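Taking it in order: structure first as structure tokens, then the write-up.
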Amino acid sequence: MTLTVVNPATEEPIAELEQPGREETDAVVARAKAAFPAWRTVAPADRATLLRRLATLVEEHGEELARIESQNVGKPISGARGEVGMVANVFHFYAGAVDKHHGETIPVTGGVAATFREPLGVVGLIVPWNFPLNIASWKVGPALACGNTVVLKPAELTPLSALRLGELALEAGIPEGVVNVLPGKGSVVGRRLIEHPDVAKIGFTGSTEVGRQVMAGAAATIKRVTLELGGKSANVVFADADLERAAAAAPYAVFDNAGQDCCARSRILVERPVYDRFLELLMAATRGVRVGDPSDEATEMGPLISAEQREKVGSYIDGSVAFRGETPEGPGFWFPCTLVEASNEDRVAREEVFGPVAAVIPFEDEADAIRIANDTPYGLSGSIWTRDGARFLRVARAIDAGVLSVNANTSVRVQTPFGGFKQSGFGRELGMHALDGYSEVKSVFVATDG
Ligand code: NAD
């Protein structure tokens with residue numbers, strides 16, 4: 001059986017790949033296992049040099065990687081370039097982190113205890129289709145920095161950039177078997193990685209539904225897991241905010257990547273007295289989102305990833321549609337930017353749509369805003385727009401989410417921890433925090449009393 005990879009903007013096939021089965025997965029895990037003893041003993045400075053070389057190669061091949069990602073995911077080329085830039089920075093960061101993630105010496109009775117950060121072994125990395133290379137790098141970077149070997153399983157729909165990354169890792173001089181990329185089905189390759197006794201950890205990003213299966217499957221071998229799952233984040237706009245700025249930014253916080261973003265601020269909560277004014281500004285800003293050919297430099301939003309995704313997104317449009325944008329004619333899995341006036345009880349406000357659909361919801365006061373923002377099983381991200389410094393701190397502390405921004409809508413930075421509360425998962429990626437998820441702490445006691 002082969003896997004046909006399609007360009008979602010044209011619906012044309014762009015690659016045909018072999019589909020590995022359980023046996024091939026076992027063979028790749030065996031290769032990663034064999035490579036582990038030598039890789040873990042590479043001197044930290046040498047491991048850092050190799051990661052640095054990989055970062056540089058990603059930079060040198062930036063345009064090529066951005067074009068692969070744009071064609072395979074339907075991402076606007078300008079956004080894809082930014083994502084690849086981040087991938088290079090992620091490898092630069094973890095190159096620098098290799099020799100800064102160290103242990104402690106702890107004075108204890110009768111001697112001294114020292115802690116060491118040991119690698120886990122072979123780690124299985126399972127990633128989704130929305131930010132294929134970016135999310136892969138968030139896992140591969142810290143995993144390699146800690147001395148693990150990796151088996152990376154990209155999503156069935158978007159394997160191409162990960163395959164190229166595997167080639168660049170070899171070109172950088174990272175030894176054979178350390179970075180293994182195995183595209184294939186989640187139900188075959190993914191499942192086998194989860195149950196495989198020689199895989200020490202699963203770093204998973206994807207839906208909450210599959211995350212549950214990962215967690216359940218990992219229990220059999222007490223595998224470590226990091227779960228980065230879905231979201232239904234709130235963009236909370238108070239009446240005292242700079243409404244023009246908040247409204248100009250809001251469309252990009254939910255329609256970026258055609259809404260296929262775990263951090264999408266897909267619930268826009270607006271304080272009642274400014275609701276009508278804000279909705280007007282929001283509609284005007286949404287009208288300005290440039291939807292079209294992803295290879296066009298000016299395009300801001302491309303198509304959805306697949307026909308199936310388009311059907312799913314369409315199923316949420318049954319409420320009061322305040323605004324519906326335009327899409328190109330012809331082939332491609334297009335869906336227009338859509339604003340729906342909703343209550344937090346509506347399905348469009350409760351479930352992760354994963355498409356360019358935002359629910360606009362009024363709230364009465366600060367307590368009501370916090371209540372609505374938290375009235376969701378998810379807890380990944382969100383924004384707070386206000387000019388009141390004490391209020392933004394109060395609200396930021398009260399919202400149950402892992403990554404918040406104030407008077408801005410960004411969630412992801414190389415240096416800062418990223419991850420969710422509640423059913424958005426657990427464990428943190430990026431920054432120095434990610435290294436904790438790819439190492440074990442070992443305590444060694446040395447007796448000093450004669
Ligand atoms: P998905 O859960 O369907 O698939 C994710 C990955 O898991 C894919 O590689 C898939 O092949 C694999 N998989 C599927 N079934 C499996 C199984 N039974 N065993 C093992 N692996 C399996 O998610 P998706 O549709 O690719 O991505 C969209 C989802 O990802 C959304 O819910 C989104 O919110 C989430 N996401 C979360 C983050 C985050 O950091 N929190 C980031 C991006 C995307």
Side-chain angles (χ1 to χ4, degrees), residues 3 5 8 17 19-20 22 25 72-73 75 83 86 124-139 151-159 161-162 181-196 199 202-218 220 223 225-233 254 256-266 304-306 308-310 312-313 351-355 376-382 401-403 411-413 416-430 434 437:
L3 175 75
V5 182
L17 303 175
Q19 290 249 44
R22 189 184 159 101
T25 308
N72 195 172
V73 191
K75 279 176 195 295
E83 287 173 29
M86 184 187 193
L125 308 177
I126 303 177
V127 298
W129 45 257
N130 57 343
F131 295 99
L133 196 59
N134 236 305
I135 291 175
S137 73
W138 302 357
K139 300 178 191 317
V151 180
L152 168 64
K153 194 207 86 62
E156 293 90 319
L157 295 167
T158 57
S161 54
V181 182
L182 192 60
K185 287 187 140 194
S187 56
V188 179
V189 176
R191 184 170 293 175
R192 182 60 185 147
L193 289 174
I194 293 163
E195 69 186 23
H196 201 299
V199 174
I202 296 289
F204 175 81
T205 299
S207 59
T208 295
E209 189 189 335
V210 176
R212 251 177 228 120
Q213 295 172 36
V214 173
M215 201 168 164
K223 263 186 195 55
V225 287
T226 298
L227 299 177
E228 298 288 355
L229 310 176
K232 193 72 202 175
S233 299
V254 59
D256 192 36
N257 215 40
Q260 304 164 119
D261 183 343
C262 52
C263 294
R265 274 82 165 150
S266 54
L304 292 170
I305 189 73
S306 64
E308 193 190 352
Q309 189 67 12
R310 183 171 55 188
K312 185 194 150 206
V313 173
E351 295 180 16
E352 187 180 43
V353 176
F354 232 53
T376 167
Y378 296 109
L380 186 56
S381 193
V403 199
S411 300
V412 168
R413 286 180 181 77
T416 57
F418 175 80
F421 282 28
K422 302 197 287 187
Q423 292 188 32
S424 289
F426 55 84
R428 290 294 177 269
E429 304 207 287
L430 296 170

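Remember, it's a predicted structure, so these values are computed and weren't measured experimentally. Read the numbers this way: they start at 1 and go in the same order the structure lists the ligands and their atoms. Heavy atoms only: backbone and side chains are in, while hydrogens, waters and symmetry mates are out.
- Under a 4.0 Å criterion applied to the non-hydrogen atoms of Glu228, ligand 1 contributes the atoms 37 (C), 38 (C), 39 (C), 40 (O), 41 (N).
- In this comparison of Phe354, Phe204, Phe131, Trp138, the heavy atom closest to atom 28 (C) of ligand 1 sits on Phe354.
- Summary of contacts: the protein heavy atom closest to atom 36 (N) of ligand 1 is Cys262 CB, 3.6 Å.
- At a 4.0 Å heavy-atom cut-off, ligand 1 does not touch Leu193 at all.
- Per-residue contacts place Ala155 under 4.0 angstrom from the following atoms of ligand 1 (heavy atoms of the residue considered): 9 (O).
- A side-chain donor-acceptor contact under 3.5 Å links Lys223 to the backbone of His196.
- Residue, atom and distance of the protein heavy atom nearest to atom 15 (N) of ligand 1 are Val210 CG1, 3.6 Å.
- Residue Asn72 forms a side chain to side chain contact (heavy atoms under 4.5 Å, CB included) with just one option from Ser161, Pro159, Pro154, and that option is Pro159.
- Per-residue contacts place Ile135 under 4.0 angstrom from the following atoms of ligand 1 (heavy atoms of the residue considered): 42 (C), 43 (C).
- Of all heavy-atom pairs between Leu193 and Val199, the closest is O-CB, 3.6 Å.
- Residue Lys153 places at least one N or O, backbone or side chain, under 3.5 Å from an N or O of ligand 1.
- Near Leu380, with a cut-off below 4.0 Å to any heavy atom, the atoms of ligand 1 are 41 (N).
- Closest protein heavy atom to atom 12 (C) of ligand 1: Ile126 CG2, 3.6 Å.
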side-chain contact (heavy atoms from CB on, under 4.5 Å) assessment of Thr205 paired with Ile126: CA-CA 6 Å; Thr205 299; Ile126 303 177; over 6 Å; no

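- Those atoms of ligand 1 that come under 4.0 Å of a heavy atom in Glu156, given as number and element, are 10 (C), 11 (O).
- Close approach of ligand 1 to Gly230 (heavy-atom distance below 4.0 Å) involves ligand atoms 32 (O), 34 (O).
- Residue contacts with ligand 1 for Glu209 are absent, since no atom lies close enough (heavy atoms, distance under 4.0 Å).
- No donor-acceptor pair under 3.5 Å is formed between the side chain of Ser266 and the backbone N or O of Val254.
- Considering Ser306, Gly206, Gly420 only, the shortest heavy-atom separation from atom 35 (C) of ligand 1 involves Gly206.
- A salt bridge links Glu195 with Arg192; the closest basic N to acidic carboxylate O contact falls under 4.0 Å.
- In terms of protein heavy-atom proximity, atom 2 (O) of ligand 1 is nearest to Ser207 OG, 2.6 Å.
- At least one donor-acceptor pair under 3.5 Å links the side chain of Gln309 to the backbone N or O of Phe354.
- The closest donor-acceptor contact from the side chain of Asn257 to the backbone of Asn130 lies under 3.5 Å.
- Applying the 4.0 Å criterion to heavy atoms of Gln213 picks out, from ligand 1, the atoms 18 (N).
- Ser233 places no side-chain N or O within 3.5 Å of a backbone atom of Arg265 that could act as its donor or acceptor partner.
- In this structure, the ring of Trp138 has its center less than 6.0 angstrom from the ring center of Phe418.
- The nearest protein atom to atom 27 (O) of ligand 1, hydrogens excluded, is given as Pro128 CB, 3.2 Å; this is a heavy-atom distance.
- Using a 4.0 Å cut-off between heavy atoms, Phe418 contacts ligand 1 through its side chain alone, with no backbone atom that close.
- Residues Glu429 and Lys139 are paired through a salt bridge, judged by an N-O separation under 4.0 Å between the basic side chain and the carboxylate.
- Using modelled atom types, no side-chain atom of Arg428 and backbone atom of Phe426 make a donor-acceptor pair closer than 3.5 Å.
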Intermediate values then yes/no, side-chain contact (heavy atoms from CB on, under 4.5 Å), Ile305 and Arg310: CA-CA 8 Å; Ile305 189 73; Arg310 183 171 55 188; over 6 Å; no

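- If you look at Val214 next to ligand 1, there are no close heavy atoms at all, none under 4.0 Å.
- Residue, atom and distance of the protein heavy atom nearest to atom 32 (O) of ligand 1 are Glu352 OE1, 2.6 Å.
- With a heavy-atom cut-off of 4.0 Å, Thr205 touches ligand 1 through backbone and side chain alike.
- For atom 4 (O) of ligand 1, no protein heavy-atom neighbour is present inside the 4.0 Å cut-off.
- A donor-acceptor contact shorter than 3.5 Å is absent between the side chain of Thr226 and the backbone of Gly203.
- Contact annotation: Trp129 has at least one heavy atom less than 4.0 Å from an atom of ligand 1.
- Distances between N or O atoms of Ser424 and those of ligand 1 include no value under 3.5 Å.
- With hydrogens and angles ignored, the 3.5 Å screen pairs a side-chain donor or acceptor of Asp261 with a backbone N or O of Cys263.
- Residue, atom and distance of the protein heavy atom nearest to atom 41 (N) of ligand 1 are Leu229 O, 2.7 Å.
- A side-chain donor-acceptor contact under 3.5 Å links Lys153 to the backbone of Gly184.
- Regarding atom 22 (C) of ligand 1, its nearest protein heavy-atom neighbour is Gly186 CA, 3.4 Å.
- Atom 8 (C) of ligand 1 has its nearest heavy-atom neighbour, among Val127, Asp261, Thr226, Ile194, in Val127.
- The contact set between ligand 1 and Asn130, taken as ligand atoms under 4.0 Å from a residue heavy atom, comprises 43 (C), 44 (C).
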